[in-house]
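I am attaching a structure below and will ask some questions about it afterwards.
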Amino acid sequence: MLGLDEALVHAVLEDWRTAPVDNRMRAILGYLEKLTLHPEQLGPADMDELLEAGLSKTAVYEAGYVCFLFSIIDRLADAFDFTIPDADLVASSGRFLNRFGYTMTRYLP
């Protein structure tokens, strides 16, 4: 699975609060959950907590961008009844994103 520890991925998906991840990962996962489910509750204290956990502002912004993009894609997929790709295509796409990220413009001439 893209060089990731499958057991760890499953533990995070099961319950990120009890998964064996470091404090930075636990903090960003909590922030992303709040951003997704209760964005009206976010405030400056949330950024302070993330910075105190050892995350950079850039890391927080990038996590927010990924969350934003995923949310849009998810809503569009629901609205247009997208077909779920097979496992091989998902794995291929994952390898591509792992290598190049979400910002392909930096790789264009």
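This is a predicted model, so every value here is computed, not measured.
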Worksheet item: What do you reckon, is CD of Gln41 surrounded by more than 12 foreign heavy atoms closer than 6.0 Å?
Response: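 Counting neighbours around CD of Gln41, more than 12 heavy atoms of other residues, nucleotides or ligands fall under 6.0 Å, so yes.
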Going by atom type alone, with no hydrogens or angles, which donor-acceptor pairs under 3.5 Å involve a side-chain atom of residues 78-92 and a protein atom two or more places apart or on another chain?
residue: Asp86; atom: OD1; partner: Asp88; partner atom: N; Å: 3.2
residue: Asp86; atom: OD1; partner: Leu89; partner atom: N; Å: 2.8

Worksheet item: Do you know the tightest heavy-atom contact between Leu50 and Ala27?
Response: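 Shortest heavy-atom separation between Leu50 and Ala27 comes out as CD2-O, 3.4 Å.
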Discussion item. Rounded to the nearest 0.5 Å, what separates atom CG in Leu76 from atom OG in Ser71?
Written reply: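 Here the rounded value is 11.0 Å.
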Item to complete: Flag yes if Ile73 and Leu37 sit in one hydrophobic cluster, no otherwise; membership is Ile, Leu, Val, Met, Phe, Trp, Tyr, and two members link when side-chain heavy atoms are under 4.5 Å apart.
Response: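 In one cluster: no.
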Worksheet entry | Glu33 vs Arg17, salt bridge (charged side-chain N to carboxylate O under 4.0 Å, His left out): CA-CA, chis, key distance, verdict | CA-CA 11 Å; Glu33 180 178 84; Arg17 289 169 190 82; 2.5 Å; yes
Practice prompt. Report yes or no: do Leu51 and Leu42 belong to one cluster of Ile/Leu/Val/Met/Phe/Trp/Tyr joined by side chain heavy-atom distances under 4.5 Å?
Written response: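 Leu51 and Leu42: one cluster.
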Worksheet entry | Leu35 and Phe68, any side-chain heavy atoms less than 4.5 Å apart |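 Not in contact.
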Discussion item. Is there a path of hydrophobic side-chain contacts, each under 4.5 Å between heavy atoms of I/L/V/M/F/W/Y residues, joining Ile28 to Leu69?
Written reply: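 Shared cluster, no.
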Worksheet item: How far does CD of Glu6 sit from CG of Leu8, to the nearest 0.5 angstrom?
Response: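 Between atom CD of Glu6 and atom CG of Leu8 there are 11.0 Å.
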Worksheet entry | Least distance between heavy atoms, Gly64 atom then Leu32 atom |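 Minimum heavy-atom separation between Gly64 and Leu32: N-CD2, 4.4 Å.
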Worksheet item: Looking only at heavy atoms, which two atoms of Trp16 and Arg26 are closest? And how far apart?
Response: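 So the minimum-distance heavy-atom pair works out to O-NH1, 2.8 Å.
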Worksheet item: Nearest heavy-atom pair of Leu55 and Arg24: which atoms, and what distance?
Response: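 Minimum heavy-atom separation between Leu55 and Arg24: CD1-O, 3.6 Å.
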Discussion item. Applying a strict under-4.5 Å side-chain criterion to I, L, V, M, F, W and Y, I'd like to know whether Phe70 and Tyr65 cluster together.
Written reply: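 Different clusters.
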Fill in: Expected output: side-chain Arg99 to main-chain Arg95 donor-acceptor under 3.5 Å
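No, the answer is negative, given that no donor and acceptor are paired below the 3.5 Å cut-off.
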